[in-house]
Amino acid sequence: MNLDIERIGMLDTALGECPLWHPAEQRLWLLDCRAGALHTLDPADGATTTRHVPAPAGSFAFNADGRLVVALKEEVGLLDPATGELTVLGRIGDSHPNLRLNDGTALPDGSFLVGTMHTQRAEGEAPLGGLYRLAPDGAFGCVDTGYGVTNGPRVSPLDGRLYVCDSSVRRIDSYALAPDGSLAERRPFVHTDDLGSAPDGCVFDTEGGLWTALVHAGALVRFAPDTRVTHRIELPLTHPAALCFGGPELDEIYVTSIRDSGRLRGDGPLDGAVLRVRGVGMRGLPSPTCRIAG
């Protein structure tokens with residue numbers, strides 16, 4: 001691969017997460033979770049626009065009506081980016097200082113799936129929270145439990161299964177995903193111990209390859225559908241957190257990173273920056289959209 005890796009704009013995020021490409025705007029949207037800052041970034045000139053949500057925030061997705069589905073510490077709701085109006089639609093049943101909602105994604109039926117992270121647990125202590133689904137009609141409920149740190153939920157374009165990371169045990173699992181959004185047949189896909197890192201944010205390419213950020217190893221890696229590692233890209237930063245495909249042809253990878261997550265820190269010149277990787281030879285899929293009414 002003849003790669004070109006460069007910084008885009010001058011954003012400095014404490015915990016850069018959830019990059020999503022907006023094809024109509026040709027801009028990148030992303031979240032600084034610790035600051036509760038929702039940024040839009042124009043790769044053409046690096047210009048940014050910032051909106052704020054209550055911190056800490058976990059993730060967001062585009063909604064069909066122009067609003068955003070946002071996951072906050074314990075609540076999920078709809079945010080009007082023009083006015084800042086937030087309509088809360090669901091709240092998880094557990095509450096703890098070290099528990100919050102984390103990564104999420106839109107599902108094919110228009111619902112929003114999001115998982116929790118429960119850190120600083122005692123040895124043998126089961127994590128609170130789990131995976132939660134906000135249905136298109138606004139119904140909210142738990143669909144699975146047992147996740148220490150949920151990351152990267154994404155649906156494969158090949159088998160239609162939902163792939164979910166538990167970064168606390170360095171594993172990616174998959175589920176059969178029914179048309180109504182229910183989950184079944186959870187099974188392991190890969191462990192990442194041999195790669196020297198937990199998996200973090202994920203994205204699929206059009207060939208069904210699963211890309212993930214190796215948050216402890218400063219790299220991106222691609223798994224083929226048969227679990228083989230086909231690509232590994234070393235990055236000039238300490239803790240890449242998440243990634244997405246973008247650009248006019250969806251053939252560029254945008255990477256968000258961590259400067260200070262509260263648990264992970266980096267003091268290099270690009271820690272907290274947004275990077276663009278060109279020349280990977282793969283294309284991605286459009287960012288999925290929710291259809292939540294509320």
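All values below were derived from every heavy atom in this structure, side-chain atoms included, with hydrogens, water molecules and symmetry-related copies excluded.
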Can a donor-acceptor pair be found, under 3.5 Å and without considering hydrogens, that links the side chain of T150 to the backbone of G115? no

Applying side-chain contact (heavy atoms from CB on, under 4.5 Å), run through L15 and R259 and close with a yes or a no. CA-CA 6 Å; L15 178 51; R259 177 173 44 79; over 6 Å; no

Classify the side-chain pair H39/T50 by whether it contains a donor and acceptor separated by less than 3.5 Å. yes

Does D173 pair with R186 as a salt bridge, N-O distance under 4.0 Å? yes

Could you tell me whether the side chain of I92 reaches within less than 4.5 Å of the side chain of F140, counting heavy atoms only? yes

Measure the spacing between CG of L243 and SG of C18 and express it to the nearest 0.5 Å. 11.5 Å

Atom pairs and distances, donor-acceptor, side-chain atoms in residues 274-290, under 3.5 Å, two or more places apart:
unit_1, atom_1, unit_2, atom_2, d
R276, NE, E6, OE2, 3.2
R276, NH2, E6, OE2, 2.6
R278, NE, E252, OE2, 3.1
R278, NH2, E252, OE2, 3.4
R283, NH1, E249, OE1, 3.4
S287, OG, W21, N, 3.4
S287, OG, W21, O, 3.1

Check for me, please, whether L131 and V155 land in the same ILVMFWY cluster - side-chain distances under 4.5 Å, paths through other members count. yes

Non-hydrogen side-chain atoms of I233 and W211 separated by less than 4.5 Å: yes

For L72 and L101: C-alpha separation, side-chain torsions, deciding distance, then whether side-chain contact (heavy atoms from CB on, under 4.5 Å) applies. CA-CA 6 Å; L72 306 176; L101 290 164; 5.9 Å; no

Check: V53 and L79 side chains under 4.5 Å, non-hydrogen atoms: yes

Stepwise side-chain contact (heavy atoms from CB on, under 4.5 Å) test for L38 and L68: CA-CA 11 Å; L38 185 63; L68 306 173; 3.2 Å; yes

Treat each ILVMFWY residue as a node, draw an edge where side-chain heavy atoms are under 4.5 Å apart, and state whether V190 and V221 are in one component. yes

So which atom in L177 and which in G160 form the shortest heavy-atom distance, rounded to 0.1 Å? CB-O, 3.7 Å

Distance col, row C244:SG vs W29:CH2, nearest 0.5 angstrom, shows 13.5 Å

For R121 and H118, indicate whether the former's side chain and the latter's backbone hold a donor-acceptor pair under 3.5 Å. yes

Any side-chain heavy-atom pair from F223 and T212 closer than 4.5 angstrom? yes

From L99 atom CG to E74 atom CD, the distance as rounded to the nearest 0.5 Å: 6.5 Å

Does N2 have more than 12 heavy atoms from other residues, nucleotides or ligands lying within 6.0 Å of its CG? no

Go through the side-chain N and O atoms of N151 and S167 and say whether any donor and acceptor fall under 3.5 Å apart. yes

Between V114 and S59, is there a side-chain heavy-atom distance shorter than 4.5 Å? yes

Do side-chain atoms of N63 reach the backbone of G66 as a donor and acceptor pair under 3.5 angstrom? no

Donor-acceptor check, side chain of Q26 to backbone of P23, threshold 3.5 angstrom: yes or no? yes

Closest heavy-atom contact between A242 and P19? CB-CD, 3.4 Å

Give a yes or no answer on whether the side chain of H191 reaches the backbone of D193 with a donor-acceptor pair at less than 3.5 Å. no

Is the backbone of S95 close enough, under 3.5 Å, to the side chain of K73 for a donor and an acceptor to pair up by distance? no

Taking atom CZ of R154 and atom CG of L107, what is their separation to the nearest 0.5 Å? 10.0 Å

Within the structure provided, determine whether L220 and V255 are in side-chain contact (heavy-atom separation under 4.5 Å). yes

Is any side-chain N of the basic residue among R133 and D109 closer than 4.0 Å to the acidic one's carboxylate O? yes

Please round to the nearest 0.5 Å and tell me the distance separating atom OG1 of T105 and atom CZ of F60. 11.0 Å

Salt-bridge test for E185 and R161: reply yes if a basic N is under 4.0 Å from a carboxylate O, no otherwise. yes

Got a sec: does the CG of D226 have more than 12 other heavy atoms crowding it under 6.0 Å? yes

Between D260 and R265, does at least one N-O distance fall below 4.0 Å, as a salt bridge requires? yes

Go through the steps for T48 and T40 under the test side-chain contact (heavy atoms from CB on, under 4.5 Å), then give the verdict. CA-CA 5 Å; T48 61; T40 59; 5.9 Å; no

So that I know where these two stand, are Y175 and Y163 an aromatic pair - ring centroids less than 6.0 Å apart? no

Look at the side chain of D32 and the backbone N and O of A14, then say whether any donor-acceptor pair between them is shorter than 3.5 Å. yes

For residues L210 and L214: do they belong to one hydrophobic cluster (side chain heavy atoms under 4.5 Å, members Ile, Leu, Val, Met, Phe, Trp, Tyr)? yes

For S257 and A273, work out which heavy atoms get closest and say how close. OG-O, 2.7 Å

Please check if atom CD in E85 has more than 12 non-hydrogen atoms from other residues, nucleotides or ligands closer than 6.0 Å. no

Answer yes or no: is there a side-chain heavy-atom contact under 4.5 Å between R51 and P81? yes

Just wondering, do L89 and V76 contact through their side chains at under 4.5 Å, heavy atoms? no

NE2/H216 to CG/L195 distance, rounded to the nearest 0.5 angstrom? 13.0 Å

Can you get from V203 to L113 by hopping between Ile, Leu, Val, Met, Phe, Trp and Tyr side chains that sit under 4.5 Å apart? no

Side-chain donor or acceptor of D42 paired with backbone N/O of G46 under 3.5 Å: no

Take a 6.0 Å sphere around CG of D194 and say whether it holds more than 12 heavy atoms from other residues, nucleotides or ligands. no

Would you name the heavy atoms of I5 and E234 that are closest together and state the gap between them? CD1-O, 3.7 Å

Apply the test ring-ring contact (aromatic ring centres under 6.0 Å, His included) to residues Y254 and F245: give CA-CA distance (whole Å), side-chain angles for both, the deciding distance (0.1 Å), then the verdict. CA-CA 6 Å; Y254 289 84; F245 281 92; 9.7 Å; no

Residues A55 and A35: closest non-hydrogen pair is CB-C, 3.9 Å

Where R67 and D80 come nearest, the two heavy atoms and their spacing: CG-CA, 3.9 Å

Are side-chain N/O atoms of Y147 and N102 paired as donor and acceptor at under 3.5 Å? no

Between T238 and D271, a side-chain donor and acceptor under 3.5 Å: yes

Distance-only, no hydrogens or angles: does the T192 side chain make a donor-acceptor pair with backbone N or O of S197 under 3.5 Å? yes

Between the side chains of R222 and T230, does any donor sit under 3.5 Å from an acceptor? yes

Is there a path from L183 to V164 through hydrophobic residues (I, L, V, M, F, W, Y) whose side chains come within less than 4.5 Å of each other? yes

